[in-house]
Amino acid sequence: NPDLQEILSDALNGRSGEQVISVRDERYQIDASPILSGNAVRGAALFFFTVTEKEKAEQIRREFTANVSHELKTPLTAISGYAELIEHHMAREEDVGRFGGEIHRSAVRLLRMIDDIIRLSELDVMETESPVLERVPLYELAEVSVDMLRINGEKHGVKLFLHGAPCIIRGNKEMVEEVLYNLCDNAIRYNREGGSVFVTAEPKGDRVRLCVEDTGIGIPEEHIERVFERFYRVDRSRSKATGGTGLGLAIVKHIAARHHAELILESREGEGTRITLWFDRGDEP
Ligand code: ADP
């Protein structure tokens with residue numbers, strides 16, 4: 001590697017230096033120093049730090065900031081525009097109600113977005129802390145979530161079903177509730193009239209399976225890899241029309257990682273989607 005050769009020969013000539021170089025798919029920060037004995041250079045010490053992950057994280061952070069600004073600006077522009085029309089009496093009497101409705105919807109969207117952004121940043125901060133884990137009765141929690149979302153499902157003509165058996169995981173109750181809510185909510189919103197959502201929580205060997213399956217629109221194969229990214233949506237207008245923020249699955253992924261749970265997404269366009277989380281059992285001694 002020519003960059004490496006150069007930094008090495010500099011060090012052997014008595015000059016310390018540092019540089020980030022690429023070797024295959026990895027990025028390394030190299031700190032090179034000559035080893036001196038009196039005035040003579042006896043050798044060189046090179047430290048290699050892998051910075052691939054760090055650089056990727058920085059890139060993601062930069063993209064996130066750019067996306068947040070854009071996502072917040074869209075509803076704010078609508079709010080500002082409609083409010084200005086009303087303020088200057090440029091809206092016809094019969095349009096005022098409709099404009100008010102648009103302002104309200106955009107404000108609700110903004111609040112939802114901010115809630116999710118705050119949630120993600122809390123999860124980011126908590127990443128460095130060790131989580132407080134408690135015994136969480138997963139099946140009972142799923143039961144509560146399913147009952148809570150049933151009315152919402154009915155509004156969309158979607159029926160919810162719960163299967164499985166009592167099971168305990170070690171985790172954080174609020175976070176697991178969030179996962180259940182986000183997954184079931186998506187399974188309803190990306191479903192079709194007369195469709196179903198099947199939630200399963202059950203012990204399986206030394207693990208516990210949580211699965212949310214729907215008979216909805218599915219996700220085209222080329223998007224499957226990316227839907228856990230922040231703000232990534234397959235169909236922006238459908239997400240927006242159903243109150244999506246593009247952050248639900250990013251939150252799910254974060255929470256799964258904090259629980260060391262394996263997260264699997266299977267989907268077929270036009271047929272449906274199944275998202276499975278495998279937790280460690282929490283009732284082992
Ligand atoms: P959103 O708030 O837009 O729903 P999510 O992070 O929850 O954001 O999901 C990201 C995207 O993944 C969605 O916009 C949608 O395109 C797709 N998606 C998520 N869940 C499902 C599902 N159950 N069926 C089909 N598509 C889904």
Side-chain angles (χ1 to χ4, degrees), residues 60 63-64 67-68 70-75 105-124 142 145-146 148-150 152-153 155-162 175-201 209-258 261 263-277:
I60 289 172
E63 280 173 14
F64 182 59
N67 283 337
V68 165
H70 175 77
E71 296 282 346
L72 297 184
K73 250 186 174 162
T74 316
R105 266 188 294 282
S106 294
V108 167
R109 197 163 148 235
L110 209 51
L111 284 174
R112 219 179 264 143
M113 196 95 77
I114 290 169
D115 277 344
D116 278 357
I117 292 167
I118 291 173
R119 188 66 192 125
L120 267 176
S121 80
E122 279 170 0
L123 288 166
D124 278 340
S145 297
V146 166
M148 194 171 70
L149 280 159
R150 214 162 244 136
N152 195 14
K155 273 192 228 153
H156 290 79
V158 174
K159 281 204 160 64
L160 278 81
F161 302 92
L162 176 66
M175 288 189 193
V176 175
E177 276 169 349
E178 262 177 282
V179 166
L180 277 161
Y181 180 87
N182 283 339
L183 293 182
C184 293
D185 184 49
N186 280 355
I188 294 169
R189 289 192 296 118
Y190 299 106
N191 219 312
R192 54 182 170 74
E193 182 79 34
S196 309
V197 174
F198 303 99
V199 180
T200 311
R209 182 168 84 108
L210 170 66
C211 174
V212 178
E213 189 171 0
D214 65 62
T215 56
I217 59 172
I219 302 172
E221 206 181 328
E222 66 272 24
H223 294 279
I224 290 182
E225 278 279 298
R226 302 203 57 192
V227 289
F228 290 100
E229 290 174 21
R230 297 170 182 198
F231 294 122
Y232 191 88
R233 292 119 160 159
V234 176
D235 176 349
R236 267 195 108 69
S237 53
R238 179 156 182 152
S239 160
K240 193 177 147 192
T242 55
T245 60
L247 295 172
L249 286 186
I251 292 175
V252 168
K253 186 181 170 187
H254 233 300
I255 293 176
R258 287 184 61 80
L263 174 62
I264 301 165
L265 189 154
E266 299 154 280
S267 190
R268 261 178 203 279
E269 192 174 0
E271 289 181 23
T273 301
R274 180 198 294 147
I275 297 187
T276 311
L277 281 99

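Everything numeric in this text was worked out from a predicted model, so none of it was measured. Indexing begins at 1, ligand by ligand and atom by atom, following the structure's order. Worth knowing before you read on, the calculation uses all heavy atoms, side chains too, and leaves out hydrogens, waters and symmetry mates. Numbers here are sequence positions counted from 1.
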At a 4.0 Å threshold, what atoms of ligand 1 neighbour a non-hydrogen atom of [X]?
| X | result |
| --- | --- |
| Arg189 | 1 (P), 2 (O), 4 (O) |
| Gly248 | 5 (P), 6 (O), 7 (O) |
| Val227 | 10 (C), 12 (O) |

Contact partition for [X] relative to ligand 1, non-hydrogen atoms under 4.0 Å:
| X | result |
| --- | --- |
| Thr273 | side chain |
| Ile219 | side chain |
| Leu247 | backbone |
| Tyr232 | backbone |

Kindly give the heavy-atom pair with the smallest separation between [X] and [Y], and that separation in Å.
| X | Y | answer |
| --- | --- | --- |
| Arg150 | Leu160 | NH2-O, 3.2 Å |
| Leu149 | Ile188 | O-CD1, 3.8 Å |
| Phe228 | Leu249 | CD2-O, 3.4 Å |
| Gly195 | Thr215 | CA-OG1, 3.3 Å |

Check whether any heavy atom of Gly216 sits under 4.0 Å from an atom of ligand 1. no

Can you tell me which residue and heavy atom of the protein come closest to [atom], and the distance to 0.1 Å?
| atom | value |
| --- | --- |
| atom 23 (N) of ligand 1 | Asp214 OD2, 2.8 Å |
| atom 16 (O) of ligand 1 | Val234 N, 3.0 Å |
| atom 6 (O) of ligand 1 | Leu249 N, 2.8 Å |
| atom 8 (O) of ligand 1 | Gly246 CA, 3.1 Å |
| atom 13 (C) of ligand 1 | Tyr190 OH, 3.3 Å |
| atom 7 (O) of ligand 1 | Asn186 ND2, 2.8 Å |

Does some side-chain heavy atom of Thr245 sit less than 4.5 Å from a side-chain heavy atom of Glu71? no

Would you call the rings of Tyr232 and His223 parallel, tilted or perpendicular, taking 30° and 60° as the class edges? tilted

May I have the step-by-step check of salt bridge (charged side-chain N to carboxylate O under 4.0 Å, His left out) for Asp185 and Arg112, ending in yes or no? CA-CA 14 Å; Asp185 184 49; Arg112 219 179 264 143; over 6 Å; no

Please confirm whether the backbone N or O of Gly272 pairs with a side-chain atom of Ser267, one donor and one acceptor, at under 3.5 Å? yes

Among Gly244, Cys184, Ser239, closest by any non-hydrogen atom to atom 3 (O) of ligand 1: Ser239

Test applied, side chain to side chain contact (heavy atoms under 4.5 Å, CB included); reference residue, Ile217; option that passes from Glu269, Arg238, Arg192: Arg238

